Number of protein chains: 2
Amino acid sequence: MQTVSDPRCICCLRGILPTISRKWAICIISLLGHSGQMRFNEIVEHCGHISPKTLSEILKDLLDAGLVERKSFHEIPPRVEYSLTEDGKSLREALVPLLKWAKDRNQRYNYSLFASCLQAPDP
Amino acid sequence: MQTVSDPRCICCLRGILPTISRKWAICIISLLGHSGQMRFNEIVEHCGHISPKTLSEILKDLLDAGLVERKSFHEIPPRVEYSLTEDGKSLREALVPLLKWAKDRNQRYNYSLFASCLQAPDP
DNA sequence: CCGTATCCAGCGGGATACTG
DNA sequence: CAGTATCCCGCTGGATACGG
């Protein structure tokens, strides 16, 4: 058993887990964090196989959760840019140990899961 | 864009995400980490509303992933105990920053999601 | 006690076509 | 360009009954 005071108590996650465990969600957070801001179709292109319906749903989830910000420039053709809120950025940082764990683990097991990686250089 | 060298590159998660994002998975990892070892029906009782079929599936996932260990004592009636492997334990620790982030965030938004918490004291 | 077998409902996500 | 509308499929997870 565990109490709320235990730093490893998982109950705090209940609210946000359905959002961030959705397919593509962490990917998009990572992408936005890295690029600063992106347009709808930019995200589509970088994800590769996400349908517009799915992307629109997930962005809505992330917007509602306050993790992502949406800026609409009232132009024609329309331009909309998505970026991380401060909350989203801190989430991204909070995920680092998990990513590190996964990376170490992959190497230990000689997994080669990197083929599907996004490959452009850091800015 | 991002590279594999970026500690925030999410591609490493691809292998494990389907496993740990399943309903109950993180809960069970947290539970086992806290109790040391648990029997099948103990887990059921602590989760409250998990069906045996679901639990058995998730345990299988976690076993295959090498996060959980299964010890069967060949007795009658049967006794089986589940516990975290070293890998599972390190995953649990890697989740701490995420949990901390979620906790801070809940407090910031005055969420009261703690009602559903596991409530026995720490050992 | 520790599961598996079976059946079923809901929904997450893909493909595609369409609109403002 | 930035989505929405529709349709459809497969998977996940619940309930229940049963087996070793």
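Since the model is a prediction, treat every value here as computed from it, not as a measurement. Reminder, nothing fancy here: chain letters follow the sequence lines and each chain counts from 1. Because only heavy atoms are used, hydrogens play no part in the values below, and waters and symmetry mates are left out as well, while side chains stay in.
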Are any non-hydrogen side-chain atoms of [X] and [Y] less than 4.5 angstrom apart?
X        : Y       : value
A:Ile10  : A:Leu17 : no
B:Trp101 : A:Cys12 : no
B:Ser56  : B:Leu59 : no
A:Leu32  : A:Ile29 : no
A:Arg105 : B:Leu67 : yes

Listed partners of [X] passing salt bridge (Lys or Arg N to Asp or Glu O under 4.0 Å), at least two apart:
X       : value
A:Asp61 : A:Arg22
A:Glu93 : B:Arg8
A:Lys23 : none

List every contact pair, protein side and nucleotides 15-17 of chain D side both N or O, where the distance is under 3.5 Å.
none

- Could you tell me whether A:Glu42 and A:Arg39 make a salt bridge, using a distance below 4.0 angstrom between a side-chain N and a carboxylate O? no
- Rounded to whole angstroms, how far apart are CE on A:Met38 and P on D:dG3? 14 Å
- Task: Could you state the atom-to-atom distance from CZ of B:Arg22 to C1' of D:dG13 in whole Å?
- Result: 8 Å
- Message: Five pairs per end, C1' atoms only: what is the angle between the end axes of the helix from C:dC1-D:dG20 to C:dG20-D:dC1, to 10 degrees?
- Response: 50°
With sequence neighbours excluded, residues passing side-chain hydrogen bond (donor to acceptor under 3.5 Å, both in side chains) with [X]:
X       : result
B:Lys60 : none
B:Lys53 : none
B:Thr19 : none

- Note on the structure: Heavy-atom nearest pair, B:Leu31 first then B:Cys47, reads CD2-SG, 4.2 Å
- Query: First contact, last contact: which nucleotides of DNA chain C are these for chain A, 5' to 3', heavy-atom distance under 4.0 Å?
  - Reply: C:dG13 to C:dG20
Contacts under 3.5 angstrom, residues 72-84 of chain B side chains, donor-acceptor by atom type, not counting sequence neighbours:
unit_1	atom_1	unit_2	atom_2	d
B:Glu75	OE1	B:Arg79	NE	3.4
B:Glu75	OE2	B:Arg79	NH2	3.1
B:Arg79	NH1	B:Glu81	OE2	3.2

- Query: What residues in residues 54-67 of chain A put a non-hydrogen atom under 4.0 Å from any atom of DNA chain D?
  - Reply: A:Ser56, A:Lys60
- Query: Any donor-acceptor pair under 3.5 Å linking the side chain of A:Thr85 with the backbone of A:Glu69?
  - Reply: no
- Note on the structure: Residues in residues 70-84 of chain B with a heavy atom under 4.0 Å of DNA chain C, by number, are B:Arg70, B:Pro77, B:Pro78, B:Val80, B:Tyr82
